[in-house]
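Letters A, B, ... mirror the listed sequences (proteins, then strands); counts begin at 1. On a predicted model such as this, the values are computed, not experimentally measured, just so you know. What you see below is based on every heavy atom in this structure, not just the backbone, and it leaves out hydrogens, waters and symmetry mates.
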Protein chains: 2
Amino acid sequence: MFFLKTLPSARMVEGYAGAHNVSAETIIDALTLMRRASQMIRRLESFFSSHGLSQLRFLFLIVIDREPDRDRLTVGEITDRLDVAGPVVARTLRVLEADGYVTSQKDEDDARTKQVRLTPKAHALLKRLLPDYFAILADEIERSK
Amino acid sequence: MFFLKTLPSARMVEGYAGAHNVSAETIIDALTLMRRASQMIRRLESFFSSHGLSQLRFLFLIVIDREPDRDRLTVGEITDRLDVAGPVVARTLRVLEADGYVTSQKDEDDARTKQVRLTPKAHALLKRLLPDYFAILADEIERSK
DNA sequence: TCCATTTATATATCATGCTATCTATCATGA
DNA sequence: TCATGATAGATAGCATGATATATAAATGGA
């Protein structure tokens with residue numbers, strides 16, 4: 001998350017020592033990118049929160065759901081696809097399982113690995129949330145044009 | 001922060017029910033925006049962390065430093081400029097004060113408000129960090145062109 | 001004047017990110 | 001075959017975001 005409400009002007013950026021190597025415009029572009037993304041993420045988190053989820057829990061479900069030709073992933077495969085540390089995945093799994101969105105069971109060939117799959121409740125939730133999710137993304141892109 | 005390492009393809013987005021109201025391309029644009037910003041923010045946090053700071057602590061100092069014609073801000077003014085909740089500002093202030101980057105004192109006219117100003121140590125730190133900060137922003141913009 | 005309201009900031013507590021470390025299981029080569 | 005190292009995942013504990021609430025000072029109308 002980026003935490004500045006009002007970006008500096010190009011003049012202000014130029015005023016800072018060290019900004020002379022790069023164009024102030026480039027700096028403003030970078031700050032604008034982070035600001036826009038942060039506003040988008042705040043809105044998404046608020047949306048997910050109103051449905052008892054979070055962005056991470058939603059994406060956790062999505063990466064399983066979107067896998068072609070498979071209906072389950074191991075914890076490690078989920079960790080590979082999500083940009084968070086392993087322990088966060090482990091805890092998120094515990095929460096999603098407690099909430100009845102996923103089930104997990106030991107792999108029968110390798111007792112170290114755990115297979116995670118979505119419940120019907122999760123499929124129903126995704127089906128319900130995706131249209132609004134896409135609508136928010138589209139709206140945020142539109143509004144900044 | 002956005003937590004997906006690999007974005008879905010346009011085809012995959014189209015495959016999801018509800019995506020038909022908006023173009024898959026728009027959705028990909030939004031996801032790309034969040035992904036790029038998140039990578040940028042991760043890199044910045046790592047940079048700040050290696051200097052004993054965080055993005056928030058850095059921006060806290062910046063908003064005071066960049067104020068024209070003033071060398072101090074109240075806690076409320078800092079909260080107005082930063083996109084975090086009040087209690088986070090209060091705690092960040094405590095940390096920055098303990099680290100010797102800011103000093104604070106009660107306003108003499110209004111005992112409720114507290115004036116915060118940068119120490120010479122903070123000015124020196126900003127002067128040292130800003131060139132690298134701008135270089136990272138510029139590099140991240142370049143790399144995604 | 002004085003009590004009710006507003007304003008400025010701090011405290012308490014929770015949720016969730018991180019790194020470091022642990023346990024259990026598997027694989028391999030002397 | 002069994003000790004060594006690699007791999008999968010979980011646990012411990014910290015840092016820092018959020019919301020709800022408390023405290024203290026200023027303000028303003030009866």
Length of the CZ-C1' vector between A:F3 and D:dG17, whole Å
7 Å
Please assess A:Q115 against A:L73 for the test side-chain contact (heavy atoms from CB on, under 4.5 Å), listing each intermediate value before the final yes or no.
CA-CA 6 Å; A:Q115 300 284 347; A:L73 287 180; 5.9 Å; no
Any idea which heavy atoms bring B:A30 and A:L137 closest together, and the distance?
CB-CB, 3.8 Å
Taking any heavy-atom pair under 4.0 Å as a contact, classify A:T79: base, sugar-phosphate, or nothing.
nothing
Could a donor-acceptor pair under 3.5 angstrom be found where the side chain of B:R112 meets the base of C:dT9?
no
For a 4.5 angstrom cut-off between non-hydrogen side-chain atoms, does A:R35 reach A:Q39?
yes
B:T113, nearest nucleotide to its side chain (from C:dC18, C:dT16, C:dA8)
C:dA8
The correct set of residues in residues 102-111 of chain A placing a heavy atom under 4.0 Å from DNA chain C is A:D109, A:D110, A:A111
Could you check whether the side chain of A:R94 and the base of D:dG9 have a donor-acceptor pair of N or O atoms closer than 3.5 Å, going by distance alone?
no
If you assign each of A:V88 and B:K114 to its closest nucleotide in DNA chain C, which residue comes earlier from the 5' end?
B:K114
Grab the two heavy atoms, one from B:R117 and one from B:D71, that are nearest each other, plus how far apart they are.
CB-O, 3.2 Å
Quick one: stems involving DNA chain C, counted as three or more successive Watson-Crick or G-U pairs, both distances short of 3.5 Å.
C:1-30 with D:1-30
Measure CD1/A:I78 against P/D:dA8 and give the value in whole Å, please.
14 Å
What is the separation between atom CZ on B:F2 and atom P on C:dG17, rounded to the nearest whole Å?
14 Å
Output all residues satisfying side chain to side chain donor-acceptor pair (under 3.5 Å) with B:S104, sequence neighbours left out; order by chain, then residue number.
B:E97
Can you list everything that forms a salt bridge (charged side-chain N to carboxylate O under 4.0 Å, His left out) with B:R128? Sequence neighbours excluded, please.
none
Pull out every residue in residues 33-50 of chain B that has a heavy atom closer than 4.0 Å to any atom of DNA chain C, ordered by number, or say none.
B:R42
Using the benzene-type ring in the case of Trp, are the ring centres of B:F60 and B:Y101 under 6.0 Å apart?
no
Taking the six-membered ring for Trp, are the ring centroids of A:F58 and A:Y133 within less than 6.0 Å of each other?
yes
Nearest whole Å is fine: how far is C:dC18 P from A:D83 CG?
8 Å
Of all heavy-atom pairs between B:R66 and A:M12, which one has the smallest distance, and what is that distance?
CD-SD, 3.5 Å
Residue B:V84, side-chain atoms from C-beta onward, closest of C:dT16, D:dG17, D:dA10:
D:dG17
Contact nearer the 5' end of DNA chain D, comparing B:V95 with B:P87
B:V95
In whole Å, what is the span from the CE atom of B:M1 to the P atom of D:dG17?
11 Å
What is the separation between atom CZ on B:R91 and atom C1' on C:dT13, rounded to the nearest whole Å?
11 Å
What pair of heavy atoms forms the shortest contact from A:L118 to A:L126, and how long is it?
CD1-CD1, 4.2 Å
More than 12 foreign heavy atoms under 6.0 Å from CD of A:E25: is that the case here?
no
B:L82 and B:L56: side-chain contact (heavy atoms from CB on, under 4.5 Å), yes or no, with the steps?
CA-CA 8 Å; B:L82 295 177; B:L56 178 58; 4.1 Å; yes
Nearest 0.5 angstrom please: A:I27 CD1 to B:I136 CD1, how far?
10.5 Å
Interface with DNA chain C, restricted to residues 55-65 of chain B and to heavy atoms under 4.0 Å:
none
Among side-chain atoms of B:S46 and B:S49, is any donor-acceptor pair under 3.5 angstrom?
no
Determine the contact category for A:G76: base if any of its heavy atoms lies under 4.0 Å from a base atom, sugar-phosphate if only primed atoms, P, OP1 or OP2 are that close, otherwise nothing.
sugar-phosphate
Would you mind classifying the nucleic acid contact of B:V89 as base, sugar-phosphate or nothing, using non-hydrogen atoms under 4.0 angstrom?
nothing
Please give me the minimum heavy-atom distance between A:Q55 and B:F2, naming the atom from each residue.
OE1-CD1, 3.0 Å
